[in-house]
Amino acid sequence: MRYLITSALPYINGIKHLGNLVGSMLPADVYARFLRQEREEVLYICATDEHGTPAEIAALEEGLDVAEFCQRQYERQADIYQQFGLSFDHFGRTSAPENHELTQHFFQQLEANGFIQERDISQIYSLDDQRFLPDRYITGTCPHCGYEKARGDQCENCTKVLSPTDLLNPRSTISGSTNLEVRTSKHIYLLLDKLSDEIRQWVEAQTHWPQLTQSIAMKWLNEGLQSRGISRDLSWGVPIPKEGFENKVFYVWFDAPIGYIAATKAWGEAEPGRDWESWWKNAEEVRYTQFMAKDNLPFHTIMWPATILGSREPWKMADYIKGFNWLNYYGGKFSTSSKRGVFLDQALDIAPADCWRYVLMANAPESSDSAFTWEQFQKPVNKELADNLGNFINRILKFTASRLGNTLPEGGTPGDLEAELQTTCDQLVKKLRDHLHKMEFRRATETLNALWTAGNQYIDVRAPWALFKTDKDEAAVVIRTCINLIRLYAIASAPFIPHAAETLYDALKLTDEERHHTMTEAANLTILAAGRPFEVPAPLFQKLDDDRLAELMAQFGGE
RNA sequence: UGCAGUGUAGCCUAACGGCAAGGCACUCGGCUCAUAACCGAGAAGAUGCGGGUGCAACUCCCGCCACUGCAACCA
């Protein structure tokens, strides 16, 4: 079995926020890191999603050519994800040549198989902006309620669904220009309705999917699939290889998921000996898992499968789709466009990546929307990372170094209490692995915590600071056991907090081989023997004090 | 308006139709190795509202209320 993992492609128009991270890239990374540690063959692929109107407009606002804009944004995003420890095997771009080529290929297959239709549609054209405007980029007065800032797709005041031509005094949201006209333009449509039965069959066969994923897919199918336009009057995108479509490109949602395959191809071509196609074509022995927030589910359960099914080619479809709900910021949405919430570059200025990784996974919106608040960020960082884990490491290593020096002490043999601890650890590691295999991230972090607590309970019962005065051999047993626990903690926690794990590997001077142990192997509490050297690292996690918390709340407007 | 999801204590979460559980916060005690941390004990406190089915309902069904999302040219 090989594991193919993709996370929803982050859009190019700016630095992503915590909500984007927690719903796709971060859980996918934890899962990928865990499986690699278990010595499974893993390919974790992601890319920036670069096409579409918002990218063109964002570029315009910054006064940059859109290709240049995307290049800069791509580099910024890639850098930030690297700082967060996201371990993509390849982080590609949908603007890459591989994606152009594959997208055109899929289109030609769909067309040859009769799933494409040409239609003339009327659209609003802005003479001053020199572009067609998507419905939501037109603002005007709602004919129903008189709200002056109604959008062309819907009036957010009275919630009535609108068409741009309904609006009174329509104007371009981009420039404010009222110099608009209706123009007819030729477009291609993907006939989803013709593929509906096949999609339904596929969806219904996925009985093991999370309930959220299944119900969103069924919602679309039950409402009846309609054909969907997959071309746009833009210049930035994948050109349409068809006569009469020279000035149009594919709709961003048509080419974005193809980007998963294209990024894999780019990975394959980067080094000799990589067989990218074996991951995607006739890949029955590959288990493919997709991670995404719920807004992406319709595209991954309906549109993207339609593209693959309609191609009549043996491309890999998702075996499992892990959908996430929203992480809300004080009751509302995180929003890139309205700059609401905490963005990834700011996050890294506030706390190390591992704190964010851990807290976000501990509060992952798995079964329902969950809330981000600064109090809920502070609590796990202080109580779980700093106190429970960090302090355990610090207390045992400092104690040992100051009393006995920087090597594991000799003497004694493990007894009943050590055997009991061993059993507890074995059970918890088994449970942790089970949760991670099932992608139950909240439960996995709870189990990690239980594992850390077990160490504190053990050291409290054994009290090596007292034994040290009465029975040095017994104290040595306890210390060796605790230092082996630290090694177990480092390895078991590594998928969540990889940077802290590295620090611990270094502190314990683990060999390359020892760093690559599975958590099951690391659960042996006698591996690091007497005489092994270690160093005392600085406290692993700094706490966030209440003053700092108040500062953050003031700065970010949390209330 | 339609569709989907959600609603459990001060807060966050858990419970195949079978004694509503855990964490945080709170109180008391222990320890003194450690980042005012750690360990133990304790108290209080909850299934949005109204019906229905069942021996038994947080769980299934109907209605209502509240919040969130989507409603196909934003992604």
Side-chain angles (χ1 to χ4, degrees), chain A residues 8-13 49 51-55 57 121 123-124 132-138 151-154 158-161 163-164 187 192 211-212 215-220 222-233 251-253 256 293-299 302-303 325-326 328 331-333 336-337 362-363 365-371 373 375-376 378-380 382-384 386-388 390-403 442-443 446 449-450 453 455-461 463-468 475 478-479 482 538-543:
Chain A
L9 307 185
Y11 197 65
I12 195 72
N13 67 339
D49 175 17
H51 300 137
T53 309
I57 290 168
I121 61 163
Q123 252 190 302
I124 305 290
F132 282 94
L133 296 177
D135 293 355
R136 67 155 32 198
Y137 283 94
I138 300 156
R151 282 195 330 216
D153 54 347
Q154 181 166 33
C158 69
T159 76
K160 282 209 164 61
V161 175
S163 121
H187 284 280
L192 288 176
Q211 189 260 352
L212 179 72
S215 76
I216 288 183
M218 290 314 292
K219 176 192 165 181
W220 278 64
N222 290 337
E223 286 176 0
L225 298 185
Q226 302 165 25
S227 53
R228 186 158 180 141
I230 56 164
S231 54
R232 293 291 182 273
D233 289 286
Y251 173 39
V252 51
W253 258 116
K294 60 186 171 186
D295 57 334
N296 274 295
L297 285 167
F299 298 97
I302 305 291
M303 279 201 54
N325 287 281
W326 300 118
N328 290 318
K333 281 176 79 174
T336 306
S337 51
N363 290 301
E366 286 178 308
S367 57
S368 63
D369 292 355
S370 68
T373 64
E375 297 90 325
Q376 280 170 60
Q378 183 196 35
K379 191 206 84 178
N382 290 2
K383 295 296 300 178
E384 297 170 21
D387 292 347
N388 204 10
N391 182 56
F392 175 78
I393 291 156
N394 197 51
R395 71 194 294 202
I396 190 70
L397 292 184
K398 268 197 172 169
F399 173 76
T400 309
S402 68
R403 305 294 196 282
R442 284 187 104 114
R443 288 187 170 161
E446 276 172 27
N449 246 292
T453 298
N456 278 310
Q457 288 170 329
Y458 168 75
I459 198 176
D460 198 68
V461 170
W465 47 89
L467 283 176
F468 173 71
V478 176
I479 288 166
C482 285
L540 267 195
F541 296 100
Q542 292 303 315
K543 293 195 204 184

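Sequence lines set the chain letters: A, B, ... in the order given, protein chains first and strands last, and positions in each chain run from 1. Only a predicted model underlies this, so the values are computations on that prediction, with no experimental measurement involved.
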Ring-on-base stacking B:C33 with A:Trp465 (under 5.5 Å, under 30°): yes
Non-hydrogen atoms of A:His187 and A:Ser231 that approach each other most closely: ND1-OG, 2.7 Å
Bracket notation of RNA chain B in which parentheses pair within the strand, [ ] cross earlier pairs, and | pairs with another strand (Watson-Crick or G-U, under 3.5 Å): (((((((..((((....[..)))).(((((.......))))).....(((((..]....))))))))))))....
Atom pair distance, as rounded to whole Å: CD1 in A:Ile396 and P in B:C31: 19 Å
Side chain proximity check, A:Asn456 to A:Asn388, heavy atoms < 4.5 angstrom: yes
Integer-rounded Å distance: B:U35 P and A:Phe399 CZ: 13 Å
Separation of atom CD1 in A:Ile479 from atom C1' in B:C33, rounded to whole Å: 9 Å
A:Ala55 versus A:Ile12, closest heavy-atom pair with distance: CB-CG2, 3.7 Å
Donor-acceptor pair between A:Asn325 and A:Ser370 side chains, under 3.5 angstrom: no
Atom C1', compared across B:A57 and B:G18: separation rounded to whole Å: 10 Å
Nearest-Å distance once atom C1' is located in both B:U6 and B:C55: 31 Å
Qualifying residues under ring pair (Phe, Tyr, Trp, His ring centres under 6.0 Å), relative to A:Tyr458, sequence neighbours excluded: none
Check: A:Trp253 and A:Arg228 side chains under 4.5 Å, non-hydrogen atoms: no
Sugar-phosphate, base or nothing in reach of A:Gly455, heavy atoms under 4.0 Å: nothing
Geometric class of the A:Phe399/A:Phe468 ring pair [parallel <30°, tilted 30-60°, perpendicular >60°]: perpendicular
B:U35 OP1/OP2 closer than 4.0 Å to side-chain N/O of A:Lys398: yes
Sugar-phosphate only, base, or nothing, as touched by A:Phe541 at under 4.0 Å among non-hydrogen atoms: base
B:U47 to B:C3 separation - P atoms, rounded to the nearest Å: 29 Å
Any A:Met303 side-chain heavy atom under 4.5 Å of A:Trp220 side chain: no
Separation of atom CD1 in A:Ile230 from atom P in B:A72, rounded to whole Å: 18 Å
Integer angstrom distance from the P of B:A75 to that of B:C70: 14 Å
Between C1' of B:U6 and CD1 of A:Ile216, the distance in whole Å: 12 Å
Contact summary for A:Asp387 and A:Asn391, nearest pair of heavy atoms: O-CB, 2.9 Å
Span that lies between the C1' atom of B:G45 and that of B:U27, in whole angstrom: 15 Å
Side chain A:Asn222, main chain A:Met218, donor-acceptor under 3.5 Å: yes
Separation between the P atoms of B:C19 and B:G51, rounded to whole Å: 24 Å
Out of B:G5, B:U35, B:U68, whichever nucleotide has its closest atom nearest the side chain of A:Trp326: B:U68
Closest contact, heavy atoms only, A:Pro134 versus A:Thr53: CG-OG1, 3.5 Å
Distance, rounded to the nearest Å, where A:Ile302 contributes CD1 and B:A71 contributes P: 14 Å
Least distance between heavy atoms, A:Pro464 atom then A:Ile459 atom: CD-O, 3.5 Å
Sidechain-backbone polar pair: A:Tyr11 side chain, A:His51 backbone, donor-acceptor under 3.5 Å: yes
Side-chain heavy-atom pair A:Glu384, A:Lys379 within 4.5 angstrom cut-off: yes
Spacing between A:Trp220 atom CH2 and B:G5 atom P, to the nearest angstrom: 16 Å
Provide a list of protein-nucleic acid N or O atom pairs under 3.5 angstrom, restricted to nucleotides 38-42 of chain B.
residue: B:C38; atom: O2'; partner: A:Arg395; partner atom: NH1; Å: 3.0
residue: B:C39; atom: O4'; partner: A:Asp460; partner atom: OD2; Å: 3.4
residue: B:C39; atom: O2'; partner: A:Asp460; partner atom: OD2; Å: 3.2
residue: B:G40; atom: OP1; partner: A:Gln457; partner atom: NE2; Å: 2.8

hbond_proxy A:Lys219 side chain to B:C70 base (donor-acceptor, 3.5 Å cutoff): yes
Taking only nitrogen or oxygen atoms into account, show me every contact under 3.5 Å that the protein makes with nucleotides 73-75 of chain B, one pair per line with its distance.
residue: B:C73; atom: O4'; partner: A:Arg232; partner atom: NH2; Å: 3.2
residue: B:C73; atom: O2'; partner: A:Asp135; partner atom: N; Å: 3.4
residue: B:C73; atom: O2'; partner: A:Asp135; partner atom: OD1; Å: 3.3
residue: B:C73; atom: O2'; partner: A:Asp135; partner atom: OD2; Å: 2.9
residue: B:C73; atom: O2; partner: A:Gln123; partner atom: NE2; Å: 2.9
residue: B:C73; atom: N4; partner: A:Tyr189; partner atom: OH; Å: 3.4
residue: B:C74; atom: O4'; partner: A:Arg136; partner atom: NE; Å: 3.2
residue: B:A75; atom: O3'; partner: A:Asp49; partner atom: OD2; Å: 2.5

Shortest non-hydrogen contact between A:Pro298 and A:Lys294, atoms and distance: CD-O, 3.7 Å
Rounded interatomic separation in angstrom, taking CD from A:Glu384 and C1' from B:C24: 9 Å
If you restrict it to nitrogen or oxygen atoms, what contacts under 3.5 Å exist between nucleotides 10-16 of chain B and the protein, and what is each distance?
residue: B:A14; atom: OP1; partner: A:Ser367; partner atom: OG; Å: 3.3
residue: B:A14; atom: O3'; partner: A:Arg443; partner atom: NH2; Å: 2.9
residue: B:A15; atom: OP1; partner: A:Arg443; partner atom: NH2; Å: 2.7

B:U59 to B:G7 separation - C1' atoms, rounded to the nearest Å: 14 Å
Base orientation of B:G29, syn vs anti, 90° cut from 0: anti
Residue list, ring pair (Phe, Tyr, Trp, His ring centres under 6.0 Å) with A:Phe392, at least two apart or on another chain: A:Tyr489
P atoms of B:A21 and B:C58, separation to the nearest Å: 13 Å
